[in-house]
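To start, the structure under review is shown below, and the notes come after it.
Here, residue 1 is the first one in the sequence, and each next residue gets the next number. Every number for a ligand or one of its atoms is a count from 1 in the order of the listing.
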Amino acid sequence: MSSNQAYRLALSKHLDVAESTIFTYWKGRVALYTALKAMGVGSGDEVILPAFTCVVVPNAIMYLGATPVYVDIDKETLCASASAIESKISPKTKCILIQNMLGLSSEVDQIVHLAKKKGIYSIEDCTHGFGGNYKGISNGLHTDCAFYSSQWNKPFSTGIGGILYVKNETLIPVIEQLNNDLQTPSIKNVLVLRILLFARTYLLKNWSYWFLLKLYRKLSALGLVVGSSSKQEIESIHQPEHYFMGLSVVQAKKGVQALKQIDAVLKKRKKNGKTINDWMRNNDKYHLNSGLLPDHSFLKFPALVKNRVLFLKAAENHKIPMGDWFTSPLHPVQGDLSEWKLSVAEFPNALEISAQIVNLPTDLYDMGPLLDFLEKNKNELL
Ligand SMILES: Cc1ncc(COP(=O)(O)O)c(C=O)c1O
C-alpha cells in the first residue's frame, strides 16, 4: 500500500466514511479549488461565503472566473447565519460555502437544507474543524463536499496539506478525472518541508519557540521557506503557476503518524475551550453562545481586546503563544479588499471583530499561566 493510500485509509477511518470519498492535496485551498471545479463553477457563477475568512478562499473561486458573494457574520458565532445567506442567493448562485471558524460552526443543517431546496451545491470549509462535530455528526459530513487543512497550526499537522471529502458521489468521477492533472511537488519544496518538519519535531521547545517563530516569519516573508501563502496569493487574484499540486509522500507519512494522537489533542482543546469560555462569561467578557460549545473542539479561542498591539506584546512578555489570525475580513490582507470584490463597509460585524480579535491557545497542557495572564490583563479585554 502506498503512503498516500495508507493516509487516505486512516482519514476515512477517522471520519467513518469510504476511502474512495477522500482525496489529498498539497494544501487545503487546492482541495477547495478542485471541489468547485468539479461542481462546474466558472465564469458567470456566484459562490456565497462569509466575509470573515482567509484570502485563499475567494482566490480559489476567482481563479475559476466566478464571483465571490460575501455575507456578514454573527458576532456570537463568528459564522454567517442561514437567513443572511438566503438573502444573498440569486439565479447565478452555484454554491454556498459554510465555514467552520476556529472550530465553531452554526446553523449548518439549516444552510444545507436551504441549499438543497434551491438546487445549489454546498461545501464546508473545515480547515479549522477536523475532528469536531455539529449536532453529533462529524464536521464536513453535512455538505456535498468538505475540505480540511493539515497546515502547521491546524487540528493535526503535516506541515502543509489539504484533504477533500466528497459526500455527493456524482462528483467523484469528475474529481478523479481532474486529479489526473495534479502536479507533483518539486524536490526543492519537499526538501524544505522535510527540514521544517524536522525543526518543528526536534528543535521546537518552550525555550526556542519565540526565536524560531520569528525566524520562520522572516524566512517566509522573504519567500525562502514553504510558507502558508505566497506573496502572489496575498497581493493579487492571479493563480500561481504551481498551484494545482498533489500530496507528497512526506506529508502522507506525517499524516498517518499525526492522526494517531488526534483524539487526545481534540479532547484537550475541547476542555480548554470550555475553561476559557467559562472564565470569559464569569468575568463578563466577550464569549460565545454556549449552545455552540458541547460538540466543538477549539483550534483557537477568540477574545476581543481594546488594543491588539499592546495585548500581543504583553502576551509575548509573559511567554503566552497568542495568535493574531483574522485581523482582517480576508486574512491576512490588510486595507483595501476591492480586488477580491469585498467592500468592508458592508460587513460591520466582520470589520468590528477583525479589528479587535486575538486568538487564545487551546492546546496547552497547563492552562494556569494563560488564566493568570487573563486575570492580570482583564481590563484590556472587551
Ligand atoms: C478559513 C480558512 N480557509 C482555508 C484555508 C486554507 O488552508 P490551506 O492553508 O491548507 O490551503 C485557511 C488557512 O489557514 C483558513 O484559515
### Query
Are Leu15 and Phe130 close enough that some pair of their side-chain heavy atoms sits under 4.5 Å apart?
yes
### Query
Aromatic rings Phe311 and Phe373: how do their planes relate, parallel, tilted or perpendicular, breaks at 30° and 60°?
perpendicular
### Query
Is the backbone N or O of Trp26 less than 3.5 Å from a side-chain atom of Gln251, with the two atoms forming a donor-acceptor pair by type?
yes
### Query
Under the criterion side chain to side chain donor-acceptor pair (under 3.5 Å), which of Asn179, Asn4, Thr158 is the partner of Thr24?
Asn4
### Task
Validate the cation-pi geometry between Lys268 and Tyr365: distance from NZ or CZ to the six-membered ring centre under 6.0 Å, angle to the ring axis within 45°.
yes
### Message
When you measure from the centre of the six-membered ring of Trp152, is the NZ or CZ of Lys27 closer than 6.0 Å and no more than 45° off the axis?
### Response
no
Output block, N or O contacts of ligand 1, threshold 3.5 Å exclusive:
{"from": "ligand 1", "atom 1": "3 (N)", "to": "Asp125", "atom 2": "OD2", "distance (Å)": "2.7"}
{"from": "ligand 1", "atom 1": "3 (N)", "to": "Thr127", "atom 2": "OG1", "distance (Å)": "3.2"}
{"from": "ligand 1", "atom 1": "9 (O)", "to": "Arg29", "atom 2": "NH2", "distance (Å)": "2.8"}
{"from": "ligand 1", "atom 1": "10 (O)", "to": "Gly28", "atom 2": "N", "distance (Å)": "2.8"}
{"from": "ligand 1", "atom 1": "10 (O)", "to": "Ser149", "atom 2": "OG", "distance (Å)": "2.6"}
{"from": "ligand 1", "atom 1": "11 (O)", "to": "Gly28", "atom 2": "N", "distance (Å)": "3.2"}
{"from": "ligand 1", "atom 1": "11 (O)", "to": "Arg29", "atom 2": "N", "distance (Å)": "2.8"}
{"from": "ligand 1", "atom 1": "11 (O)", "to": "Arg29", "atom 2": "NE", "distance (Å)": "2.7"}
{"from": "ligand 1", "atom 1": "11 (O)", "to": "Arg29", "atom 2": "NH2", "distance (Å)": "3.4"}
{"from": "ligand 1", "atom 1": "14 (O)", "to": "Lys154", "atom 2": "NZ", "distance (Å)": "2.8"}
{"from": "ligand 1", "atom 1": "16 (O)", "to": "His128", "atom 2": "NE2", "distance (Å)": "2.9"}

